[in-house]
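Everything below concerns the one structure shown next.
Below, read A as the first sequence line, B as the second, and so on, with proteins coming before strands; counting in each chain starts at 1.
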Protein chains: 2
Amino acid sequence: MRAKKTNTEIRKEQILLAALKIIGLQGVNALSIVGVAEKVGIVPSALYRHFSSKEEILDGILDLMREKVLKNVQQARLKKHNALARLEFIMMRHLALLKESRALPLILLSDAMYLGTSARLSKIQEILESYLSALSAILKEGMEEGSIRADIVPESTAIMFLGMILPAAVLVNVQAPFFNLESHAANVWPAFVRSIAVIN
Amino acid sequence: MRAKKTNTEIRKEQILLAALKIIGLQGVNALSIVGVAEKVGIVPSALYRHFSSKEEILDGILDLMREKVLKNVQQARLKKHNALARLEFIMMRHLALLKESRALPLILLSDAMYLGTSARLSKIQEILESYLSALSAILKEGMEEGSIRADIVPESTAIMFLGMILPAAVLVNVQAPFFNLESHAANVWPAFVRSIAVIN
DNA sequence: TATAATAGTGAATAGCGATTCACTATTCTA
DNA sequence: TAGAATAGTGAATCGCTATTCACTATTATA
């Protein structure tokens, strides 16, 4: 049966979401045009009405990811009002993101992603850099506030912050249901605080 | 011209090393039988005299990686005699490993790896688990020694330790020559120590 | 409502990559 | 040194996947 004719804007969204689901379940390499089309409910060739190539779909997914990640950072700024609270908020949100879909880490870690066009590599660079520099900015503010030690290196500390999330992502992938994100967060956060906070 | 007839044991090694180089340069997905055969200097079909399938090559590579990683841990036990020194040694060795070849992280993070056979998934689980439990063991010893705080959770701390290395691996891949592993180590290690060491 | 624009279809193509196989050359060993 | 193993070769196959295209159905618009 023929699929209902649907506006490109909507189909584009559907396609990206379908692709995201597939990636979350089976990784970037398992992403195929046929698979995506099936999930959307159209025929593979119809997909080319909305995206001119598979590459373009991957680019679109990266844009989605950028939004999700940076939105968390903005939210932290709005909802929390000191450096440590903001960082904790971001950490919790990111771990939650992991639970919701494994797609994000699979994408950022996939060789398929940064071995494609060089345009895609720079897109990934940009996402990582803006994320890390947002973290650095929060850290610097904390240093000025006096809540964060003056002798840390913000850039490296931002990477350590990532270090609470990335390994969790890997373990979620590998140990599947046995790895407990909540207790990971509960154990790891105080240790991180200890290494950067000023002692009262 | 015909390749010299060479003993299987030697060829197996050559094949695994060639595969490793390709992975380090271009990722797991770029690994092809043709590519490996070319690098070894034989014809693709000849490869099947030594490995019955591509899967078997991937398995072989995992075994290599297990050795490399666990050797570092053993060396640490031999050469250093307290928990913190051992951990620092392992960290430095692993960062050095990253410089030598980007293959290891690309393998452990590749969806291609753990979306293959379930046998391979359990192999990866085993490597990760034995690595993490070796770290935990060192941490526990440190707690008994009195050099490491009694209120940390060894298992989570082991994951945080990984958190110094994994993000570095990603940044090496993404930012290529601009990311400085040495200064990363220099900045990150004292912060880690601060979060786990007993203050004198 | 006529018609232009838009979206969907199915068949065909093209290329790549893993694997098989019959055959040949080389090495080992009895 | 003869013959059995062993390793290498090139051609062929097979399946998978992205992409194209001519055609059709549907929607929007003038």
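Of the residues in residues 38-47 of chain A, A/I42, A/V43, A/S45, A/A46 come within less than 4.0 Å of DNA chain C through at least one heavy atom, sorted by number.
Among D/dA7, C/dT19, D/dT19, the nucleotide with an atom closest to any side-chain atom of B/R11 is D/dA7. Counting only heavy atoms from C-beta on, B/T8 has its side chain closest to D/dA7 among C/dA7, C/dT19, D/dA7.
Side-chain contact check for B/L87 versus B/W189: some heavy-atom pair is nearer than 4.5 Å. When side chains are defined from C-beta on, A/L108 does not count as touching A/L128, because their heavy atoms never get closer than 4.5 Å.
Taking atom CD1 of residue B/I22 and atom P of nucleotide C/dA18, one finds them 10 Å apart after rounding to whole Å. Distance B/I15 CD1 to D/dA7 C1': 11 Å, rounded to the nearest Å. Atom-to-atom, CD of B/E56 to C1' of C/dT19 comes out at 14 Å; the value is rounded to the nearest Å. Computed from coordinates, the B/M1 CE to D/dG10 C1' distance equals 16 Å when rounded to whole Å. The separation between A/F51 atom CZ and D/dT17 atom P is 20 Å, rounded to whole Å. Counting to the nearest Å, the C1' atom of D/dA18 and the CG atom of A/N29 are 15 Å from each other. Atoms NZ (A/K54) and C1' (D/dT20) sit 17 Å apart, rounded to a whole Å. Rounded to whole Å, atom C1' of C/dT9 lies 15 Å from atom OH of A/Y48.
Look at B/R86 and B/E141 and you find a salt bridge, because one of the NZ, NE, NH1 or NH2 atoms lies within 4.0 Å of a carboxylate O, short of that distance. Between B/K99 and B/E182, at least one side-chain nitrogen of the basic residue sits less than 4.0 Å from a carboxylate oxygen of the acidic one, meeting the salt-bridge criterion. Between A/E155 and A/K140, at least one side-chain nitrogen of the basic residue sits less than 4.0 Å from a carboxylate oxygen of the acidic one, meeting the salt-bridge criterion.
Within the 4.0 angstrom heavy-atom criterion, no nucleotide atom of any strand lies near B/I10.
The line from CG of B/L64 to CG of B/L16 is 5.5 Å long, rounded to the nearest 0.5 Å.
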Task: B/Q74 and B/R77: CA distance, side-chain angles, deciding distance, side-chain hydrogen bond (donor to acceptor under 3.5 Å, both in side chains) verdict - done: CA-CA 5 Å; B/Q74 288 167 356; B/R77 288 209 165 278; over 6 Å; no

Open item on the list: Using the rule given for ring pair (Phe, Tyr, Trp, His ring centres under 6.0 Å), can you reason through B/H94 versus B/F161, listing the C-alpha separation, both sets of side-chain angles and the distance that settles it, and then say yes or no?
Closed with: CA-CA 11 Å; B/H94 275 239; B/F161 182 88; 7.4 Å; no

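A side-chain N or O of A/S147 and one of A/E145 form a donor-acceptor pair less than 3.5 Å apart.
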TODO: Determine, for nucleotides 23-30 of chain C in 5'-to-3' order, which nucleotides have protein heavy atoms under 4.0 Å from the base (write B), from only the sugar-phosphate (write S), or from neither (write -).
DONE: BBBBS---

